[in-house]
Amino acid sequence: MTTNLVDCPECGLPATVRGDGPARSTGGPVEHIRLHCVLGHRFFGPVTTLRRPPGGA
Ligand SMILES: [Zn+2]
């Protein structure tokens with residue numbers, strides 16, 4: 001099982017990203033994900049908003 005980790009937009013600590021299932025039928029082509037950081041911050045939105053561009057340190 002693969003777990004994606006990103007920086008929490010709130011505190012910058014590692015956060016777990018989970019896909020919230022297919023939402024193409026109503027939301028459009030943008031995949032929505034759920035982010036849950038180690039401190040309990042929760043975010044939900046388009047993956048493009050939370051995903052950081054490659055090439056960063
Ligand atoms: Zn956080």
Side-chain angles (χ1 to χ4, degrees):
M1 191 173 283
T2 302
T3 303
N4 295 326
L5 291 177
V6 299
D7 292 338
C8 174
E10 185 78 17
C11 64
L13 292 176
T16 303
V17 174
R18 292 184 180 180
D20 201 45
R24 301 176 183 176
S25 59
T26 55
V30 180
E31 179 184 3
H32 281 59
I33 58 173
R34 183 168 297 174
L35 188 156
H36 190 182
C37 98
V38 295
L39 293 185
H41 297 135
R42 295 180 183 178
F43 295 91
F44 178 74
V47 64
T48 51
T49 303
L50 300 174
R51 179 180 295 172
R52 313 183 80 181

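When all heavy atoms of Phe43 and Glu10 are compared, the closest pair comes out as CZ-CB, 3.7 Å. Leu35 approaches Pro9 most closely through the heavy-atom pair CD1-CD, 4.1 Å.
Leu13 CG to Leu5 CG: the interatomic distance, rounded to the nearest 0.5 Å, is 11.5 Å.
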